[in-house]
Amino acid sequence: MTDYAKLLNSEQCEAATAGDGPILVLAAAGTGKTRTLVYRVAYLMEQGVDPENILLLTFTNRAAREMLERAKLQVGESIGTLWSGTFHHICNRFLRHFAPRLSFENGFTILDQDDSRSLINQCIGACVKNKKDFPKKEVVASLISKAANRSCTVRDVLEDSPEEEQLFEDQLCQVADLYRDRKLAIGAMDFDDLLVNGLRLLVEHEDVREFYQRKFRYILVDEYQDTNRLQAEMVDLLAAKNRNLMVVGDDFQCIYSWRGANFKNIMEFPKRWPDCKIVKLEQNYRSVPEVLEVANACIRGNPEQFQKVLRPTRRPRRKPHLFNLRDGTEQSWAVIRLIRQYQQQGYTFNDMAVLYRAHFHSIELQMGLTREKLPFRITSGVGVYEQAHTKDVVSFLRVCEGARDRMAFERLLSLLDGVGAKSIERFWTKLGGTFDSASQAQRQTLSELLRPAARGQMEPLLRLMDDYHKEGMGSRGGEVVQRFCDEFYSGYLRRTYDNAMEREEDIRELGRQLSRYENGVPGFLQEVSLLTNVDAEYDQMQEDVPRIHLSTVHQAKGLEWPIVFIIWASEGMFPASKVLESGDDTEERRLFYVAVTRAKDELVICTPGSRISRDGSVFFCKPSRFLRELPKGLLQQHYGCSRY
């Protein structure tokens, strides 16, 4: 028999070798939750439990594979019969046996994202006569998915949606209903249906429920704080008979409420399972003590949580750094300078990550890193100039500046309803192979060529082009971008993308950056061209070189780096401005905690004191409340970036 007391610390050992009954394992950041789960599986098998009677639920297939591979080293090949995988994977296995109970065949089709959106588009065509301003299929798909994962109706989701979507409430509900009916008619389920129908199977059919309750004597759930209502209800149902349920999670790291994760699932677990054993994993193996002091202090202010204190196992190093900087430009200089210094100390670019609350926070830094030819990869999305919405805005600016820029003309016209490649080819020919946005005659010709719906969308852009040339707005590029967004593009984003707000933030930030260019739009376009080409050339030449990681905090959860920079730790940025309006900063504080606990050796926090507003003026920012709440002495203070 394995001596678990030698392999695990006392907290891990208590969880891994616990007796029967419900167990809540509160695994704080970097405390070895995966190791604990792996040895729990090994312990159960040593106690004679057949692996076929163990269910291990994870949030990624990769996590399931990693746990099984590690468990296999302990108990051998017999581990292969254990049921493991994501909730969707396990539900698919249920449904392949019992789908006829829900009027599907066992060989039902699973729609991928493209198939699902294509079917939704057909439903829109059948339900909506006038599709002008109606949300695109991607937005409708997102609404339907949110309703499924929140276990509510599309009408419920629309209560918190933008006004543009609420205007079409009845039609959106009709589309959702028709989409449901057509999936059933063709014998198909989408990804969310696997969860919805998997739970329905257990709730509506007692014999199926009892079959799986008897089968799974022991159930283990990873990342329990990220479960939604459907997943938590499913776990409770499956465990109701044997009551041998172990859930592992950390309420401090519950940061995905926006995609359906329900904070109450982990907080109310002891109420639903009143005799549960609670084990806290607090011994941290990742970070130096000084980083953990900051983490413990910043999360302490949240009111509703299971109190935990991270305890270090590593030797002391030095305090994290706080840089009080003038603005975003100085912040970029500081980060670049520090990156070079850490490189001189022996760290590689792969050892460093820059984390931020929202993707648009990184735009200025991306530009700076590209200028300095420092390689980076973006975990939170594609680079600033590779994004579709950035290309759209740049295309408008290029049309304003270049009469013969056919590529920009094509991209801009393709944003209009009902305008395709053939129409654009015809327009370009009618215009004589050029489009001079300064020419009233050519603007008028283009307007006349367009159909009424597209003409109505184009009119604000034509007026903006007129103002651009009459008022010399080329020197006020930031204002041009803001007006482009206000008068046209904001509505387009909301109709087209389910993450319209994030994309609009990117565009607004791009406008702020443009306000800094002395040469205005022409200078900006020249630099965009140079940076884009240099970046592409550099990527091709050095495909496998180490790169600095740029990531939102949400995307960084579960990852770690020796060096972590947190940028824009200023009020209105981190925490986000919406928090200032709502007053509830609990999830934002958890997000800050996650950011801090990604750092192993060095933590650098930057708080710029000013930003450029939409109209080009400067407004001042306070340091983030998460910094102001920290006890004095936890951080090394720096002012400016001239010295380190």
Task: Steps toward salt bridge (charged side-chain N to carboxylate O under 4.0 Å, His left out) verdict (R508, D486) - done: CA-CA 10 Å; R508 302 287 186 190; D486 291 337; 2.7 Å; yes
Task: pair R411-R398: side-chain heavy atoms closer than 4.5 Å - done: no
Open item on the list: When you compare the side chain of E169 with that of V154, does any pair of heavy atoms fall below 4.5 Å?
Closed with: no
Task: Heavy-atom closest pair, residues I507 and C485 - done: CG2-SG, 4.1 Å
Open item on the list: Check whether D156 reaches the backbone of T153 with its side chain - one donor and one acceptor, N or O, closer than 3.5 Å.
Closed with: yes
Task: Student check: side-chain heavy atoms of V521 and Y468 closer than 4.5 Å - done: yes
Open item on the list: A quick test of your reading: do over 12 heavy atoms of other residues, nucleotides or ligands sit less than 6.0 Å from CD of Q113?
Closed with: no
Task: From C123 atom SG to Q171 atom CD, the distance as rounded to the nearest 0.5 Å - done: 13.5 Å
Task: Flag side-chain contact, heavy atom, 4.5 Å: V140 against F134 - done: yes
Task: CD on E159 to SG on C152, rounded to 0.5 Å - done: 9.0 Å
TODO: Give a yes or no on whether the backbone of E138 and the side-chain of S142 come within a donor-acceptor separation of less than 3.5 Å.
DONE: no
Task: Nearest atoms (heavy-atom pairs only) where F435 meets L431 - done: CD1-CD1, 3.9 Å
TODO: Enter the distance from K430:NZ to L449:CG here, rounded to the nearest 0.5 Å.
DONE: 7.0 Å
Task: Point-to-point distance, once rounded to the nearest 0.5 Å, from CE of M573 to OG of S624 - done: 11.5 Å
TODO: With sequence neighbours excluded, tell me which residues meet ring pair (Phe, Tyr, Trp, His ring centres under 6.0 Å) with F484.
DONE: F396, F488, Y489
Open item on the list: Any side-chain to backbone donor/acceptor pair from S570 onto P608? Under 3.5 Å, distance only.
Closed with: yes
- [ ] List the steps, then state whether side chain to side chain contact (heavy atoms under 4.5 Å, CB included) holds for F524 with L397.
- [x] CA-CA 10 Å; F524 171 74; L397 298 176; 4.0 Å; yes
Task: N/O donor-acceptor pair under 3.5 Å between R96 side chain and N106 backbone - done: yes
Open item on the list: Give me the atom names and distance for the closest heavy-atom approach of W428 to F409.
Closed with: CE3-CD2, 3.4 Å
Task: D417/K136 salt bridge by N-O under 4.0 Å criterion - done: yes
- [ ] Decide yes or no for L550 and L369: does some side-chain heavy atom of the first lie under 4.5 Å from some side-chain heavy atom of the second?
- [x] yes
Table please: side-chain donor-acceptor pairs of residues 174-198 below 3.5 Å, with sequence neighbours left out.
| from | atom 1 | to | atom 2 | distance (Å) |
| --- | --- | --- | --- | --- |
| D177 | OD1 | R180 | NH1 | 3.4 |
| Y179 | OH | S116 | OG | 2.7 |
| Y179 | OH | D190 | OD2 | 2.8 |
| K183 | NZ | D190 | OD2 | 3.3 |
| K183 | NZ | D193 | OD1 | 3.3 |
| K183 | NZ | D193 | OD2 | 2.7 |
| D190 | OD1 | D192 | N | 3.1 |
| D190 | OD1 | D193 | N | 2.8 |
| D192 | OD1 | N149 | ND2 | 3.0 |
| D192 | OD2 | S145 | OG | 2.7 |
| D193 | OD2 | D190 | N | 2.9 |
| N197 | OD1 | R200 | NH1 | 3.3 |
| N197 | ND2 | D193 | O | 3.4 |

Open item on the list: Between R463 and E487, does any NZ, NE, NH1 or NH2 come within less than 4.0 Å of an OD or OE carboxylate oxygen?
Closed with: no
Task: CA sep, side-chain torsions, deciding dist, call: F376, T370, side chain to side chain contact (heavy atoms under 4.5 Å, CB included) - done: CA-CA 8 Å; F376 62 92; T370 305; 3.6 Å; yes
TODO: Examine distances only and state if a side-chain atom of S362 and a backbone atom of L365 form a donor-acceptor pair shorter than 3.5 Å.
DONE: no
TODO: If a pair satisfies side-chain hydrogen bond (donor to acceptor under 3.5 Å, both in side chains) and one of its residues is in residues 432-449, list it, with sequence neighbours excluded.
DONE: S437-H469, R443-D466, Q444-E448, S447-E459
TODO: Specify the closest pair of heavy atoms between R598 and V594, including all atoms of both residues, with the distance to one decimal.
DONE: NE-O, 2.7 Å
Task: Worked check of side chain to side chain contact (heavy atoms under 4.5 Å, CB included) between F574 and I567 - done: CA-CA 9 Å; F574 201 168; I567 61 173; over 6 Å; no
Open item on the list: Tell me whether Y356 contacts the main-chain N or O of S551 through its side chain, where contact means a donor paired with an acceptor under 3.5 Å.
Closed with: yes
- [ ] Check each of E588, E502, E587 against R357 using the salt bridge (charged side-chain N to carboxylate O under 4.0 Å, His left out) test, and report the only one that passes.
- [x] E588
Task: Test of ring centre spacing under 6.0 Å for F59 and F87 - done: yes
Task: SB check R512 E364 (cutoff 4.0 Å) - done: no
Open item on the list: Under a 3.5 Å distance rule, please check whether N350 uses its side chain to pair with a backbone N or O of R547 as donor and acceptor.
Closed with: yes
Open item on the list: Is any side-chain heavy atom of I363 closer than 4.5 Å to one of Q387?
Closed with: no
Open item on the list: Looking at R406 and E410, is any side-chain nitrogen of the basic one under 4.0 Å from a carboxylate oxygen of the acidic one?
Closed with: yes
TODO: Find out whether H549 and R377 are in side-chain contact, i.e. whether some heavy atom of one side chain is under 4.5 Å from a heavy atom of the other.
DONE: yes
Open item on the list: Regarding D392 and S395, do their side chains bring together a donor and an acceptor under 3.5 Å, going by distance alone?
Closed with: no
Task: Distance-minimising heavy-atom pair for W568 and Q331 - done: N-OE1, 2.9 Å
- [ ] Give a yes or no on whether the backbone of I255 and the side-chain of H554 come within a donor-acceptor separation of less than 3.5 Å.
- [x] yes
- [ ] Would you indicate whether the side-chain heavy atoms of V399 and L461 approach each other to under 4.5 Å?
- [x] no
TODO: Compute whether any side-chain donor of one residue and acceptor of the other, for H89 and N61, lie under 3.5 angstrom apart.
DONE: no
- [ ] Find the distance between CG (L355) and NE2 (H361) and round it off to the nearest 0.5 Å.
- [x] 12.5 Å
- [ ] Just do the side chain to side chain contact (heavy atoms under 4.5 Å, CB included) check on I339 and E372 with the steps written out, would you?
- [x] CA-CA 11 Å; I339 286 171; E372 296 296 316; over 6 Å; no
Open item on the list: If I take atom CE from residue M473 and atom SG from residue C400, how far apart are they, to the nearest 0.5 angstrom?
Closed with: 9.0 Å
Open item on the list: Tell me the closest heavy-atom pair linking E505 and A358, and the distance in Å.
Closed with: OE1-CB, 4.3 Å
